[in-house]
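Bear in mind the structure is a predicted one, so any value in this text is a computation, not a measurement.
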Amino acid sequence: MEPVSLRFLKLIVQIKECTTLDNQQNNQQNNQKNNQQPKEQDLNQLLKVRREKLANLQEAGKDPFVITKYDVSNHSQEIKDDFDSLEGKTVTIAGRVMSKRVMGKASFCNIQDLKGNIQSYVARDSIGEEAYADFKKFDVGDIVGLKGEVFKTKTGEISIHAEEVTLLSKSLQILPEKFHGLTNTDIRYRQRYVDLIMNADVKDTFIKRSKIISSIRKYLDSQGFMEVETPMLVANAGGAAARPFETHFNALDEDLKLRISLELYLKRLIVGGMERVYEIGRVFRNEGLDTRHNPEFTLMELYQAYTDYNGMMDLTENLYRHVAQEVLGTTKIVYKGIEIDLSKPFERITMVDAVKKYSGVDFNEIKTLEEARAIAKEKGVEFEERHKKGDILNLFFETFVEEHLIQPTFLMDHPVEISPLTKKKPENPEYTERFEFFMNGWEMANAYSELNDPIDQRERFKAQEELLAQGDEEANRTDEDFLNALEIGMPPTGGIGFGIDRMVMLLTDSPAIRDVLLFPTMKSLDK
C-alpha cells in the first residue's frame, strides 16, 4: 500500500496550483503593486514581524545564521533538464523562497537558485509536524535548503517532494512584488543584488558577460597570447586621449593617477621580448556619464610583435565570430531589432573615403588648414582654433559618418594629428596605419601599427605637450621611461584595444552600459 503522504500528494496535485497565499504574503503583494513598497506603517510592521520570527527561532535554538554549510547535489535547471534520469531520486537544492502557497497540511513553494527556479511540494506528513509548523512561518526571500524526491505533477510541472526543509538564512527585508518585478532603474542599479533576484534576464546578462570574457581569454590563449597585469596607479597616465583621475600616495608623498589605458606598459613588455601579450582590466577616465560611458570600464588591449594593423583586423574578425558563436550559438546578432551579421567579411574603408561617401567632401583635395576650416564652416562642422586639418577631418567623420556604420566596419587610416602613438603610412605621412572598429554606430575597438621610432615618438609627445599647454586636458604627456624602452628597441608591432562593456551590450541586446556593469557609478544619495 502506498504511504499516506503519497496518496495525499496524488490528491493535492490535481488541485489547481494557483491557490491563495498566506495572509502575510497577500498583504505584502497587495501593498507592492507597481513596484511600490507598502505604506510606511505597514512596512514597519512587516519588518518587525520578520525580526520577531528570527528572535523566536533563536530562542528555540534554531538560529539559521549559525549554519555554516549545506551540501547541494543539483541546481534547479539541471533537475529539469535531466528529469528522465532523476525522476524518483532524491536531490538536495538550496536557494531563495520566491513564493509560497499554504494549504493546511500541505503547501507548495518556489525555490530560486543560480540556474533558475523549481517548485517544491511540502507536506506535514513528509517533513514532520514541527518542521512543517516552522516552514509555514517562512517568508518570501528566506534562503532554504531542501531535500526531496523528484516528480512531475498532474499538470506536468517538474517538482520536488520535500523530505527535509532547512532555513539557511532569514530575510529581514521585503522583496519587490514578484509579479511586477523590480522596474525602477535607479533602484536596480543601486541595489543590483535585488535586481538579480527579481529579474531573470538581468542575471542572464551577467552570466553571458562572464562567458564572453572567458571566451576572449580562451581564444587569445589558443593564439599564443600571454595574459599579464600592469599598474593601475601611475605617475603618467598615457596611451589615450582622456582626463585621468588623480590621487595621492601617502607613503611616498607623491601624486599619482589612475590609468586611462593599458598601452604603454604592454608595449614595454613587447620591448622585453614577450611577443604576444594582453590584459583585461579596469581603466578610469574622468569624463561624463551616458548610455555608453562610465568613468571606470573594462578594456582589453593586446600587442603582437611582427605584425601590423592588417593583422589586427584579421584577429578582430576572428575573435568576434568566435565569441558570438561560443556564447550565443550564432554569428548573427540582433540589437534593438537590427540584425548585425558577423559571418560576412567586415567592411574596410579609409576615413577619407568614408567622409567623401557620406558628406561629399574629398579631403584628398583639401591641401591646407585654411581650406579645411572653410569647408567646415560651409558644412556647419564646428571646430576650435587649435584644431588642425586632421582634427577637422575627424570632426567630419563624427558628424557625417559614424551613425551609418551599423554593420561591422574597419574605419582605417586616421590623420596623424589624432594618432600620437601610431606609425605613419610610408606613402602618405599625413595619415597613420590605424583603424577603429565600428558596429551599431559605436566605436568597438581602436588599433594601430604601433609607432616604434623613438625620435618620431618624442616629436609626437612634444606636439601633445603643446596641446596640453593650450588647455587640452586629454592630451598625452611625455613619458621618458617609455621613450627609453623604445630606444632599447621595439619590433614592428600591431596593437588593439577592445571596449569589453560595449561588446557585452551588443551581444546581450542591452540598451545602456549600466545594464552590463554589475555596480555602475552612481551619484551618492546624500549629495
For this session: Working to the nearest 0.5 Å, report the span between CZ of Arg514 and OG1 of Thr521.
Result: 7.5 Å
Exercise. Taking the side chain as C-beta and beyond, is there a heavy-atom pair between Asp501 and Met505 under 4.5 Å?
Worked result: no
Problem set entry | Check ion pair Asp479-Arg460 (N to O, under 4.0 angstrom) | no
Problem set entry | Results of salt bridge (Lys or Arg N to Asp or Glu O under 4.0 Å) for Arg321 - residues two or more places apart only | Glu317
For this session: Give a yes or no on whether the backbone of Ile160 and the side-chain of Ser120 come within a donor-acceptor separation of less than 3.5 Å.
Result: yes
For this session: Using distance alone, with no hydrogens and no angle criterion, decide if Asp82 and Ser85 have a side-chain donor and acceptor under 3.5 Å apart.
Result: no
For this session: Measure from NZ or CZ of Arg434 to the centre of the six-membered ring of Tyr448 and say whether it is under 6.0 Å with the direction within 45° of the ring axis.
Result: no
Exercise. Would you say Thr409's side chain and Leu411's backbone share a donor-acceptor pair under 3.5 angstrom?
Worked result: no
Exercise. Do you know the tightest heavy-atom contact between Ala445 and Ile496?
Worked result: CB-CD1, 3.9 Å
For this session: Ignoring hydrogens and angles, tell me if any N or O in the side chain of Asn184 forms a donor-acceptor pair with the backbone of Ile187 under 3.5 Å.
Result: yes
Problem set entry | Sub-6.0 Å ring centroid separation between Phe438 and Phe397 | yes
Exercise. Taking side chain as C-beta onward, heavy atoms only, is Leu269 less than 4.5 Å from Tyr303?
Worked result: no
Problem set entry | Within 6.0 angstrom of Lys211 NZ, more than 12 heavy atoms from elsewhere | no
Exercise. Going through the distances and angles, do Lys152 and Asp84 end up as a salt bridge (Lys or Arg N to Asp or Glu O under 4.0 Å)?
Worked result: CA-CA 10 Å; Lys152 186 179 290 186; Asp84 290 343; over 6 Å; no
For this session: Determine, for Asp353 against Lys357, whether the closest basic-nitrogen to carboxylate-oxygen distance falls under 4.0 angstrom.
Result: no
For this session: Kindly say whether Lys425 contributes a backbone atom to a donor-acceptor pair with the side chain of Asn428 at under 3.5 angstrom?
Result: no
For this session: Using modelled atom types only, decide if a donor and an acceptor are shared between the side chain of Ser449 and the backbone of Asp308 within a distance under 3.5 Å.
Result: no
Problem set entry | Residue pair Val327 / Leu507, side-chain heavy-atom distance below 4.5 Å | no
Problem set entry | Worked check of side-chain contact (heavy atoms from CB on, under 4.5 Å) between Leu266 and Ile270 | CA-CA 7 Å; Leu266 292 178; Ile270 296 293; over 6 Å; no
Exercise. Should the ring pair Tyr335 and Trp442 be called parallel, tilted or perpendicular, given that the plane angle runs from 0 to 90° and is split at 30 and 60?
Worked result: perpendicular
For this session: Assess the pair Tyr309 and Phe410: is the distance between their ring centroids shorter than 6.0 Å?
Result: no
Exercise. So, for Arg96 and Gly141, which heavy atoms are closest and what is the spacing to 0.1 Å?
Worked result: NH1-O, 2.8 Å
Exercise. Centroid-to-centroid, Tyr320 to Phe437, below 6.0 Å?
Worked result: yes
Seminar exercise, completed: Rounded to the nearest 0.5 Å, the NZ atom of Lys356 sits from the CG atom of Asn364 at a distance of 7.5 Å
For this session: Before giving the answer on side-chain hydrogen bond (donor to acceptor under 3.5 Å, both in side chains), spell out for Asp453 and Gln457 the whole-Å C-alpha distance, their side-chain angles and the decisive distance to 0.1 Å.
Result: CA-CA 6 Å; Asp453 179 346; Gln457 181 64 82; over 6 Å; no
For this session: May I ask you to check if Arg209 and Phe206 form a cation-pi contact, with NZ or CZ under 6.0 angstrom from the six-membered ring centre and within 45° of the axis?
Result: no
For this session: Identify the two heavy atoms, one from Ala305 and one from Thr493, that lie closest to each other, and give their separation to 0.1 Å.
Result: CA-OG1, 3.9 Å
For this session: With the side chain counted from C-beta on, respond yes when Pro176 and Val194 share a heavy-atom pair under 4.5 Å apart, and no when they do not.
Result: yes
Seminar exercise, completed: Smallest heavy-atom separation, Pro420 atom then Leu451 atom, equals O-CD2, 4.1 Å
Problem set entry | Nearest non-hydrogen partners of Pro520 and Leu517, listed with the distance | CD-O, 3.3 Å
For this session: Taking atom types as modelled, find out whether Thr230 and Arg259 have a side-chain donor-acceptor pair closer than 3.5 angstrom.
Result: yes
Exercise. What distance separates Asp341 CG from Ile406 CD1, expressed to the nearest 0.5 Å?
Worked result: 14.0 Å
Exercise. Would you find a donor on one side and an acceptor on the other, under 3.5 Å apart, between the side chain of Arg217 and the backbone of Ile213?
Worked result: no
For this session: Kindly indicate whether the side chain of Asp195, heavy atoms from C-beta on, has any atom under 4.5 Å from the side chain of Arg192.
Result: yes
Problem set entry | Heavy-atom check, side chain of Pro244 versus side chain of Leu258, under 4.5 Å | no
For this session: Would you kindly say whether Ser99 and Asn110 are connected by a side-chain donor-acceptor distance under 3.5 Å?
Result: no
Seminar exercise, completed: Rounded to the nearest 0.5 Å, the CE atom of Met274 sits from the CZ atom of Phe225 at a distance of 12.5 Å
Exercise. Under 3.5 Å, is there a donor-acceptor pair between the side chain of Thr350 and the main chain of Asp413?
Worked result: no
Problem set entry | Criterion side-chain contact (heavy atoms from CB on, under 4.5 Å) on Lys379 and Phe400, from CA distance to verdict | CA-CA 10 Å; Lys379 293 291 185 177; Phe400 294 104; 4.1 Å; yes
Exercise. From Glu279 CD over to Glu229 CD, what is the distance, rounded to the nearest 0.5 angstrom?
Worked result: 6.5 Å
Exercise. Within a radius of less than 6.0 Å around CD of Glu385, do more than 12 heavy atoms belonging to other residues, nucleotides or ligands occur?
Worked result: no
Seminar exercise, completed: Heavy-atom closest pair (Leu421 atom, Gly239 atom, distance to 0.1 Å) is CD1-CA, 3.7 Å
For this session: State, yes or no, whether a side-chain contact exists between Ile158 and Leu86 at a heavy-atom distance under 4.5 Å.
Result: no
Exercise. Would one find more than 12 heavy atoms of other residues, nucleotides or ligands at under 6.0 Å from atom NZ of Lys388?
Worked result: no
Exercise. Taking atom CE of Met226 as the centre, does the number of heavy atoms from other residues, nucleotides or ligands within less than 6.0 Å exceed 12?
Worked result: no
Exercise. Got a donor-acceptor contact below 3.5 angstrom from the Glu301 side chain to the Leu262 backbone?
Worked result: yes
Exercise. If you round to the nearest 0.5 Å, how far is OH of Tyr193 from CZ of Arg188?
Worked result: 14.0 Å
For this session: Evaluate side-chain contact (heavy atoms from CB on, under 4.5 Å) for Ile216 paired with Ile500, printing each intermediate quantity in order.
Result: CA-CA 10 Å; Ile216 291 171; Ile500 297 298; 3.6 Å; yes
Problem set entry | NZ/NE/NH1/NH2 to OD/OE distance under 4.0 Å, Lys423 and Glu433 | no
Exercise. Between the side chain of Asp509 and the main-chain N/O of Lys336, is any donor-acceptor distance below 3.5 Å?
Worked result: yes
Exercise. Can Arg268 and Phe482 be said to form a side-chain contact (heavy atoms from CB on, under 4.5 Å), step by step?
Worked result: CA-CA 7 Å; Arg268 287 169 167 90; Phe482 176 65; 3.8 Å; yes
Exercise. Between the side chain of Glu450 and the main-chain N/O of Pro491, is any donor-acceptor distance below 3.5 Å?
Worked result: no
Exercise. Would you say Lys257 and Phe284 make side-chain contact, with heavy atoms under 4.5 Å?
Worked result: no
Exercise. Hey, is Arg386 close enough to Glu417 for a salt bridge, meaning N to O under 4.0 Å?
Worked result: no
